[in-house]
Amino acid sequence: FTSQWSDTAPSQTDTVLDNLSGCNWNIFGFSVWDCVLKFLAYVAYAIFYIVGFLVGVAGNAFSYTLGLTIDNINYTGIPAIQTGWAFTRDIVNIFFIFALLFIAIATILGIESYGAKKLLARFIIIALLVNFSLLATQAIIFVTNALAYELYQTITTSKSDLLSKASGGFIYKDVGGAIYRATSQQKLFQINPADLGKGTTIAPNSQVALDSTHVNMAVFVTIVVGTFIMIFAAFIFLAGAFFFAARMAVLWLLMILAPFGFVFLVLPATKSYAQKWWTTLQSQALFAPAFLFFIVITIKITESGPLLAI
């Protein structure tokens, strides 16, 4: 099978179709099954090739968004985030002013039903932390991104010039290609379709020889299985690209709303909203290293040997 992961055009030589046989006129006639299977194999291979191109596009999108979301430079110095966080901080500071006025009036009037005196110390601490809420949020993101980048570095794959040029050199690993190659049909079934031929045995220890019909059937089934594998791979790549892009967008929004994540800790009525903010920050920040951990495990396991031997 040709590969869609390189930046250059794939070679068209030595494809699985070279192993098709039969469907030739002779004095003994011809096999209808050989012709049907041969035709279906060509149609399936055309679909396979188109799907392979789409998988290449999806894999590059996945690799790019993966590298983009773990790059700390995308979480610092962004004018929109700085402006949004400053606006949110100013709103929270206005809230603090009115809250302190309320505590002062309640203290003068001797109103204790609100527990104003107990809230005063908490208000002062939170008021100080709010001004460092953006730095605290960035610190959490940076730590998890650093862990994700270390896992990213352990992935052994080829360098993609296309990704490197698009990202300025930070994103250069073809992670999508590494996943696809690790889970290709050759890895799953321990058989190279290009090695099939008339007279070839079904498996290394098998004594059953393949005639032209069996060879054509094996080629057709291999192409169909490979197509479904690549469709599944494309879905995984597009879903992963979406989740990583959504992660970065959600983290940007959490950075803008960081002052609320602190100020809502003050009052019992708003504490649940603060907990949602912290839970979302934790889950989104840890998503990248957790996802990459399972990617590395998957690649390492499949590279160690075939999953199924036939």
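Ring centroid separation for the pair Phe264 and Trp278 does not come in under the 6.0 Å cut-off. Ring pair Tyr45/Phe48: centre-to-centre distance below 6.0 Å.
Of the possible donor and acceptor atoms, one in the side chain of Trp277 sits under 3.5 Å from a partner among the backbone N and O of Leu254. A donor-acceptor pair under 3.5 Å is formed between the side chain of Ser283 and the backbone N or O of Thr280.
Taken to the nearest 0.5 Å, the CG atom of Asn145 stands 12.5 Å off from the CD1 atom of Ile73. Atoms CE and CG, on Met255 and Leu251 in that order, are 8.0 Å from each other to the nearest 0.5 Å. Separating the OG1 atom in Thr88 from the CG atom in Leu257 is a distance of 5.5 Å, to the nearest 0.5 Å. Atom CD1 of Ile236 is separated from atom CD1 of Ile231 by 13.0 Å, given to the nearest 0.5 angstrom. Taken from CG in Asn74 to CD1 in Ile141, the straight-line distance is 11.0 Å, to the nearest 0.5 Å. Note that the OG1 atom of Thr76 and the CG atom of Leu135 stand 11.0 Å from one another [nearest 0.5 Å].
For the residue pair Thr69/Tyr75, the side-chain donor-acceptor check at 3.5 Å is satisfied. Defined by atom type and a distance below 3.5 Å, a donor-acceptor pair is present between the side-chain atoms of Trp85 and Ser133.
Neither Leu286 nor Leu253 shares a network with the other; the hydrophobic side chains, linked directly or stepwise wherever heavy atoms of I, L, V, M, F, W or Y lie under 4.5 Å apart, form separate groups for each. Hydrophobic clustering keeps Leu128 apart from Val130 (ILVMFWY residues linked when any side-chain heavy atoms are closer than 4.5 Å, directly or through intermediates). Ile256 and Phe95 end up in the same hydrophobic cluster when Ile, Leu, Val, Met, Phe, Trp and Tyr side chains are linked at under 4.5 Å. Both Phe237 and Phe228 are part of a single hydrophobic cluster, where members link through side-chain heavy atoms under 4.5 Å apart. Linking Ile, Leu, Val, Met, Phe, Trp and Tyr residues whenever their side-chain heavy atoms come within less than 4.5 Å places Val263 and Phe87 in a single cluster.
Here the side chains of Leu66 and Leu292 are in contact, with some heavy-atom distance below 4.5 Å. Under the 4.5 Å side-chain criterion, counting only non-hydrogen atoms from C-beta, Val143 is not in contact with Leu147. A 4.5 Å side-chain heavy-atom check between Asn131 and Asn93 finds at least one atom pair inside the cut-off.
More than 12 heavy atoms of other residues, nucleotides or ligands sit less than 6.0 Å from atom CZ of Phe96. In this structure, Gln82 places its CD atom where more than 12 heavy-atom neighbours from other residues, nucleotides or ligands lie under 6.0 Å away.
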request  = Could you walk me through whether Trp252 and Ile78 pass the side chain to side chain contact (heavy atoms under 4.5 Å, CB included) test, one step at a time?
outcome  = CA-CA 9 Å; Trp252 284 352; Ile78 300 178; 3.7 Å; yes
request  = Assess whether side chain to side chain contact (heavy atoms under 4.5 Å, CB included) is satisfied between Phe242 and Thr65, documenting all intermediate values.
outcome  = CA-CA 8 Å; Phe242 171 79; Thr65 54; over 6 Å; no
query = Would Tyr149 and Asp71 satisfy side chain to side chain contact (heavy atoms under 4.5 Å, CB included), going step by step from the backbone distance to the final call?
reply = CA-CA 8 Å; Tyr149 187 74; Asp71 188 359; over 6 Å; no
request  = Walk me through it: do Phe287 and Phe244 pass the test side chain to side chain contact (heavy atoms under 4.5 Å, CB included)?
outcome  = CA-CA 9 Å; Phe287 173 76; Phe244 278 118; 3.9 Å; yes
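Looking at every heavy atom in both residues, Ala274 comes nearest to Gly261 through CB-O, 3.6 Å. Nearest heavy-atom pair, Arg247 versus Ala285, reported as atom, atom and distance to 0.1 Å: NH2-O, 3.1 Å. A pairwise comparison of heavy atoms in Phe262 and Ala136 identifies CZ-CB, 4.1 Å as the closest pair. In this structure, Ala148 and Ile70 approach most closely via the heavy-atom pair CB-CG2, 3.8 Å. Pairing each heavy atom of Leu151 with each of Val296, the nearest pair is O-CG2, 3.6 Å. In plain terms, the two heavy atoms of Val55 and Met230 that are nearest each other are CG2-O, 3.1 Å.
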